[in-house]
Student: 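Sharing a structure, written as structure tokens. Questions coming.
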Amino acid sequence: MLGKTHVISSLAVMHVGLLAYTAYENRSGDAQIMLHSPDATLELFGFQFGVPLSLAEYSLIVTVISLFILGLLRVGRGFMLAGHFGIVALCMATLMFGFDSTHPFKLALVLLAFTLGTVLPDIDSENSTIGKYITPISRAIPHRTITHTIWAVLLILGLAWYFESIYLLALALGYVVHITEDSFSRQGIRWLYPIPKIARKRWRFPFAYETGGLGETVVFFASIGIHALCAGFVIWSNAVS
């Protein structure tokens with residue numbers, strides 16, 4: 001799966017999940033689910049899930065993630081590319097200092113870590129989204145070997161647990177989504193590499209897609225549609241509150 005599809009589709013799953021959980025935790029018997037509430041039942045490593053956002057906070061976070069993706073994908077050159085990250089920094093500063101709560105800023109960091117995790121396994125390919133930034137490393141590691149295994153996931157999860165870091169946990173979650181998606185490709189991945197005898201076995205799930213093919217294209221545009229629906233839902237829920 002191409003880097004852009006990994007990022008957009010993985011974030012679509014996260015987008016729906018976060019909105020659905022926030023809606024559930026802040027349900028009030030009507031459509032007004034974006035009202036601020038101090039209650040958030042799920043807390044992990046000091047980070048609370050289910051805390052609703054204002055439209056301004058949500059818009060800034062969407063801007064941060066969108067421009068970060070454009071930067072990762074190297075959309076634009078020179079000043080335009082630098083501008084992507086410049087605006088990301090400006091929006092992050094606004095989230096940090098422009099609101100009473102630091103929760104929106106922390107949520108943006110969580111989503112940035114998750115986004116990075118969705119492309120990190122392809123650090124083993126110099127033609128990948130992230131491999132282009134660190135070619136000495138990407139040229140040294142054979143593609144879809146050690147970085148596409150359960151061991152890499154367990155390492156990041158172990159670090160997240162040891163440091164009690166929600167950001168490393170988000171990175172690990174994005175990582176898992178990436179290699180799971182690759183398991184549906186025709187090339188498959190070797191989850192247990194380099195264990196002898198099964199190191200060469202590539203795990204493939206049913207309904208395999210071809211990288212860059214029609215199936216992946218459908219997933220990409222469907223994911224964009226999901227993001228649009230989520231954004232529309234947030235705007236609507238704020239409008240009726």
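The first residue of the sequence shown is numbered 1, and numbering continues consecutively from there.
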Student: I need the minimum non-hydrogen distance between Asp124 and Pro121, along with the two atoms involved.
Tutor: OD1-O, 3.4 Å
Student: For Cys91 and Thr63, work out which heavy atoms get closest and say how close.
Tutor: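 Taking every non-hydrogen atom into account, SG-CG2, 3.8 Å.
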Student: Mind checking whether Phe49 and Ile166 have side chains closer than 4.5 Å, heavy atoms only?
Tutor: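 Heavy-atom side-chain distance check passes, below 4.5 Å.
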Student: Nearest heavy-atom pair of Ala172 and Leu157: which atoms, and what distance?
Tutor: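 Smallest interatomic distance, heavy atoms only, reads CB-CD2, 3.7 Å.
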Student: Relative to each other, are the rings of Trp161 and Phe45 parallel, tilted or perpendicular (30° and 60° limits)?
Tutor: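 Perpendicular, since the angle between the ring planes exceeds 60°.
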Student: Applying a strict under-4.5 Å side-chain criterion to I, L, V, M, F, W and Y, I'd like to know whether Val218 and Val177 cluster together.
Tutor: no
Student: I'd like to check Leu60 versus Met92 (side-chain heavy atoms, cut-off strictly below 4.5 Å). Are they in contact?
Tutor: no
Student: Show the numbers, then the answer: is there a side-chain contact (heavy atoms from CB on, under 4.5 Å) between Trp151 and Trp191?
Tutor: CA-CA 8 Å; Trp151 318 122; Trp191 281 83; over 6 Å; no
Student: Would you say the side-chain atoms of Glu181 and His6 include a donor-acceptor pair closer than 3.5 Å?
Tutor: yes
Student: Do Ile235 and Tyr58 have side-chain heavy atoms sitting under 4.5 Å apart?
Tutor: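 No - every pair of side-chain heavy atoms lies 4.5 Å or more apart.
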Student: Check step by step if side-chain contact (heavy atoms from CB on, under 4.5 Å) holds for Leu112 and Ile65.
Tutor: CA-CA 7 Å; Leu112 286 172; Ile65 302 305; 3.7 Å; yes
Student: Does Ile179 belong to the same Ile/Leu/Val/Met/Phe/Trp/Tyr cluster as Leu192, with side-chain heavy atoms less than 4.5 Å apart forming each link?
Tutor: yes
Student: May I ask you to decide if Glu57's main-chain N or O and Ser54's side chain share a donor-acceptor pair within less than 3.5 Å?
Tutor: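 Yes; judged by distance alone, with no hydrogens or angles, the pair exists.
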Student: Around Phe221, counting heavy atoms of other residues, nucleotides and ligands shown, do more than 12 lie under 6.0 Å from its CZ?
Tutor: no
Student: Parallel, tilted or perpendicular for Tyr21 and Tyr24, by the 30°/60° rule?
Tutor: tilted
Student: For the side chain of His227 and the backbone of Ala12, is there at least one donor-acceptor N/O pair under 3.5 Å apart?
Tutor: yes
Student: Over all heavy atoms of both residues, which pair between Gly71 and His84 is shortest? Give the atoms and the distance, please.
Tutor: N-CD2, 4.0 Å
Student: Treating Tyr175 as the side-chain partner and Thr147 as the backbone partner, does any N or O pair qualify as donor plus acceptor under 3.5 Å?
Tutor: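 Answer holds: yes.
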Student: Show the nearest heavy-atom pair for residues Val176 and Thr180, with the distance to one decimal.
Tutor: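 Shortest heavy-atom separation between Val176 and Thr180 comes out as O-OG1, 2.7 Å.
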Student: May I ask you to decide if Thr145's main-chain N or O and Thr149's side chain share a donor-acceptor pair within less than 3.5 Å?
Tutor: no
Student: With a 4.5 Å cut-off on side-chain heavy-atom distances among I, L, V, M, F, W and Y, is there a chain of contacts connecting Met80 to Leu70?
Tutor: no
Student: Looking at every heavy atom in both Ala170 and Ala113, which two are closest together, and how far apart are they?
Tutor: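 Ala170 and Ala113 have their closest heavy atoms at CB-CB, 4.1 Å.
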